[in-house]
J.: 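This structure is in structure tokens; I'll ask about it shortly.
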Amino acid sequence: MTDIPQRYRRLGKYELHQLLGEGAMGIVWKAYDTVLRRYVALKLLSASFRKTKDMQERFLREARAAGAIQHANIVTVYDLGESEGQLYIAMELVEGRDLSDMIALRDPLALERKLDITIEVLAGLHFAHQRGVIHRDVKPSNVRVMPDGRIKIMDFGIARLQKADATGSGAIVGTPTYMAPEQITNGAITPATDVFSVGCLLYELLCYQRPFEAESVHGVLYQVLTTEPRPLRTVAPSIPAALERVVAKAMNKVPHERYESAGQMMSTLQQIRAALSGADEEATQPLGRWTPLPRPMLKLITHASIRARLAVLGALAAVVVLLLYAPGPQGEQPGAVAATPPAPIPPAGGSGGLAAPPTPPNAAPVSLAVSSRRDSALAARDRAIAAGAQKNSVPSLLLAESMLETSDRALQRGDQSLALRGYVESAQRYAQAREEARAMEREAQHMIQRVTPVVQALPAGRAAANAGVFLSRAESLLHEQDFTLAKVAAQSAEQIGIEAGIAPPSTQPPDTRSAIDVLLDDLGRALSSQRIANLRVLYPGLTEDERRSWDAFFREWNQITAKFTMEDFKTQGATATGNVRAMFQYVPARGGAPRVDRRRFAMRFEKKDVGWRLAAVTELK
């Protein structure tokens, strides 16, 4: 398209000067604001946005929301409106190059620079997400790198307008390579949608290859939905394993398995960036003492639980006390036993640790105390990884990895006192990571144990088959130490049971009597549902005679409500007994006024892995 016929045309207060680009949504001009006397990027929206008054109002509403975002990494929207039947948006004119051009030309960017670009993208997205605006079309061509190195995200809020226009025709909107699975399947659009797109962008920026490629658009969409991209380190072996894990987590196909927010992903990348640039060394130089964490890594703590935060802060307090009384770096003490300097940490599969630099030829011999503490830290690290801390991205493991790497660098500089304290701290953090992983494993186990009776209670059919598949997958993932996904799969099985009318039992408190009271409340709800399957969840040992008796009970009574009161309660170990008064309110199936029926039962309860359950019920006369 030539811009000569349109050049210097006036559109309201704007004078069109130079065509900058065009696409499915319209064209972009370099225009001159004759009132404020400045150049702007003027986007002229295509005629499809003017089809109905409702669509125009939607356009103005979305554009205003995008225009309300003022951030250093987001292109500013100056103005929006309509002139001569043409909808337009006037935006900040940003000089520079699109990131897509830099990727296409394989610009030789340092790894640190690539991380800086991504961190700025995430900073802008996080700011927008906090204000309820989701981009929906994050891709390299929407990231502009300015001459001074800063980046700007373009086209905020516009992708949603395009989607709203295209949904009527069934067209696929967006760039398939960077679209999250939920965009393809018309799922819920959340900040995690943009996180997925940033993961794809970072993947391509690191190795100059797209994560999903095929001969057709539908082939790409199929890959996004069903296949995993090639592991990043098989394409770019020099990439740290920790960074590979960050990209993989961001590109997880399950939205809630990605980073909770763009800010959380940004904090993790900042920690890796600090480790690469030696920010830890800079932080330790002023006092010449051990500082366990670079400043950017402290942001990681804000995404941990309160218990994890307290544990980390307690450890840091202990370090401060240690520094107040510990001597500074000094030479080798007389009589110290020398040992061979330890080899650098090998980049073991999935370790994520950066290998220590080569030992200088004139380095002093490493004392036996330092060598043994380093061995202890590495052993603790192995135990944490074996417990599943690395596979489940436990926060304490990332902290421990940073401490260990910084200690290795201190040792290479000859500062053995600094290294010794770091190895001690990293061993403690690895032990904490191991416990956190074990806690995640216990949660997944409990969820599977809770869901199992719900699945078993489902009548034969499609729902039971689907729930069984999810439950089997949960057990397989648990065996593979993927605790988070195991919990998700178990929850999916539970949801199928709920949709089929099978209610999962309530969470029971630790106190035995209180737990039995919760169980009796669940029993009342199960009777109200008039479903044998719900009874079987609470009463696994339900016999065939009892089942027939309950069936007759449900045929004769409708609109049942039941209240149970415990009497003569006794407990011994994992068994409890008691007499229970029951009051049933119901409407006879043959019609009539509501009635009340009072009965007494002797009940025996047993404690299972998932809590207390009914073991036997006998009616008392």
J.: Are Leu418 and Arg413 packed together at the side-chain level, in the sense that at least one heavy-atom pair is separated by less than 4.5 angstrom?
T.: yes

J.: Hey, is the main chain of Gln264 close enough, under 3.5 Å, to the side chain of Thr268 for a donor-acceptor pair?
T.: yes

J.: Any salt bridge between Glu425 and Arg421, counting N to O under 4.0 Å?
T.: no

J.: Show the atom names and distances, to 0.1 Å, of all donor-acceptor pairs under 3.5 Å that link a side chain in residues 98-108 to residues at least two apart or in another chain.
T.:
| unit_1 | atom_1 | unit_2 | atom_2 | d |
| --- | --- | --- | --- | --- |
| Asp98 | OD1 | Arg144 | NE | 2.6 |
| Asp98 | OD1 | Arg144 | NH2 | 3.1 |
| Asp107 | OD2 | Arg97 | NH1 | 2.7 |
| Asp107 | OD2 | Arg97 | NH2 | 3.2 |

J.: Under the side chain to side chain contact (heavy atoms under 4.5 Å, CB included) rule, collect the residues that match up with Lys487, sequence neighbours excluded.
T.: Glu443, Met447, Gln491

J.: Kindly indicate whether the side chain of Lys152, heavy atoms from C-beta on, has any atom under 4.5 Å from the side chain of Glu92.
T.: yes

J.: Are the side chains of Ser261 and His129 in touch, meaning some heavy atoms are under 4.5 Å apart?
T.: no

J.: Show the numbers, then the answer: is there a side-chain contact (heavy atoms from CB on, under 4.5 Å) between Gln270 and Ile272?
T.: CA-CA 5 Å; Gln270 285 174 330; Ile272 295 175; over 6 Å; no

J.: Which residues pass the side chain to side chain contact (heavy atoms under 4.5 Å, CB included) test with Ile184, not counting sequence neighbours?
T.: Met179, Leu221, Val224, Leu225

J.: To the nearest 0.5 Å, tell me how far Ile117 CD1 sits from Glu112 CD.
T.: 12.0 Å

J.: Applying side chain to side chain contact (heavy atoms under 4.5 Å, CB included), name anything that partners Ala72, two or more places apart in sequence or on another chain.
T.: none

J.: Hey, does Leu201 have a side-chain heavy atom less than 4.5 Å from the side chain of Lys139?
T.: no

J.: With sequence neighbours excluded, tell me which residues meet ring-ring contact (aromatic ring centres under 6.0 Å, His included) with Tyr39.
T.: His17, Tyr32

J.: Partners of Phe212 by ring-ring contact (aromatic ring centres under 6.0 Å, His included), sequence neighbours excluded?
T.: none

J.: Given Val121 and Leu202, is the side-chain contact (heavy atoms from CB on, under 4.5 Å) satisfied, shown in steps?
T.: CA-CA 10 Å; Val121 171; Leu202 181 54; over 6 Å; no

J.: Between Thr234 (side chain only) and Pro231 (backbone N and O only), is there a donor and an acceptor less than 3.5 Å apart?
T.: yes

J.: Which pairs count as side chain to side chain donor-acceptor pair (under 3.5 Å) when at least one residue sits in residues 246-256, sequence neighbours excluded?
T.: none

J.: Has Glu84 got more than 12 heavy atoms of other residues, nucleotides or ligands less than 6.0 Å from its CD?
T.: yes

J.: Counting C-beta onward and ignoring hydrogens, is there a side-chain heavy-atom pair between Thr193 and Gln183 closer than 4.5 Å?
T.: yes

J.: Taking Ser197 for the side chain and Tyr178 for the main chain, is one N or O donor matched with an acceptor at less than 3.5 Å?
T.: yes

J.: Decide side-chain contact (heavy atoms from CB on, under 4.5 Å) for Phe483 and Lys391; before the verdict, give the C-alpha distance in whole Å, the side-chain angles of both, and the deciding distance to 0.1 Å.
T.: CA-CA 9 Å; Phe483 307 134; Lys391 192 162 190 177; over 6 Å; no

J.: With rounding to the nearest 0.5 Å, note down the distance linking CG in Leu44 to CD in Gln86.
T.: 4.5 Å

J.: For residues Met91 and Thr76, determine if any side-chain heavy atom of one lies less than 4.5 Å from a side-chain heavy atom of the other.
T.: no

J.: Would you confirm whether Glu15, through its side chain, and Ala31, through its main-chain N or O, come within 3.5 Å as a donor-acceptor pair?
T.: no

J.: For the residue pair Thr34 and Arg10, establish whether any side-chain heavy-atom pair is separated by less than 4.5 Å.
T.: yes

J.: Show every salt bridge (Lys or Arg N to Asp or Glu O under 4.0 Å) that has at least one partner inside residues 177-192, sequence neighbours left out.
T.: Glu182-Arg258

J.: Tell me, with the steps shown, if Leu243 and Leu206 meet side-chain contact (heavy atoms from CB on, under 4.5 Å).
T.: CA-CA 10 Å; Leu243 184 55; Leu206 290 172; 3.8 Å; yes

J.: With no hydrogens and no angle check, do the side chains of Glu436 and Gln432 hold a donor and an acceptor under 3.5 Å apart?
T.: yes

J.: For Ala433 and Ala389, work out which heavy atoms get closest and say how close.
T.: O-CB, 3.8 Å

J.: Please tell me if the side chains of Leu36 and Asp33 come closer than 4.5 Å, counting only heavy atoms from C-beta onward.
T.: yes

J.: Rounded to the nearest 0.5 Å, what separation is found between the CD atom of Gln70 and the CZ atom of Arg131?
T.: 10.5 Å

J.: So does Lys114 pair up with Asp116, basic N to acidic O under 4.0 Å?
T.: no

J.: Around atom OH of Tyr78, are there more than 12 heavy atoms from other residues, nucleotides or ligands closer than 6.0 Å?
T.: yes

J.: Quick one: does Asn392's side chain have a donor or acceptor within less than 3.5 Å of a partner on Val394's backbone?
T.: no

J.: Give, for atom CZ of Arg273 and atom CG of Leu111, the distance between the pair rounded to the nearest 0.5 Å.
T.: 8.5 Å

J.: Could you tell me whether a side-chain N or O of Glu82 sits under 3.5 Å from a main-chain N or O of Leu87, the two making a donor and an acceptor?
T.: no

J.: Just jot down the side-chain hydrogen bond (donor to acceptor under 3.5 Å, both in side chains) partners of Glu120, sequence neighbours excluded, or say none.
T.: Asn73

J.: Out of Val138, Val75, Leu125, which one pairs with Ile153 under the side chain to side chain contact (heavy atoms under 4.5 Å, CB included) rule?
T.: Leu125

J.: Taking ring-ring contact (aromatic ring centres under 6.0 Å, His included) as the test, write out the residues that go with His71, two or more places apart.
T.: Phe127

J.: Who are the side chain to side chain contact (heavy atoms under 4.5 Å, CB included) partners of Asp79, not counting sequence neighbours?
T.: Lys13, Tyr14, Tyr88, Ala90

J.: Can you tell me which residue pairs pass the salt bridge (Lys or Arg N to Asp or Glu O under 4.0 Å) test with a partner in residues 194-206, sequence neighbours excluded?
T.: Glu204-Arg210

J.: Between Arg136 and Ile134, is there a donor-acceptor pair closer than 3.5 Å when you use the side chain of the first and the backbone of the second?
T.: yes

J.: Take Tyr203 and Gln209, measure what side-chain hydrogen bond (donor to acceptor under 3.5 Å, both in side chains) needs, and give me the verdict at the end.
T.: CA-CA 7 Å; Tyr203 183 103; Gln209 294 185 24; 5.7 Å; no

J.: Any chance you could measure Glu435, atom CD, to Ser396, atom OG, to the nearest 0.5 Å?
T.: 10.5 Å

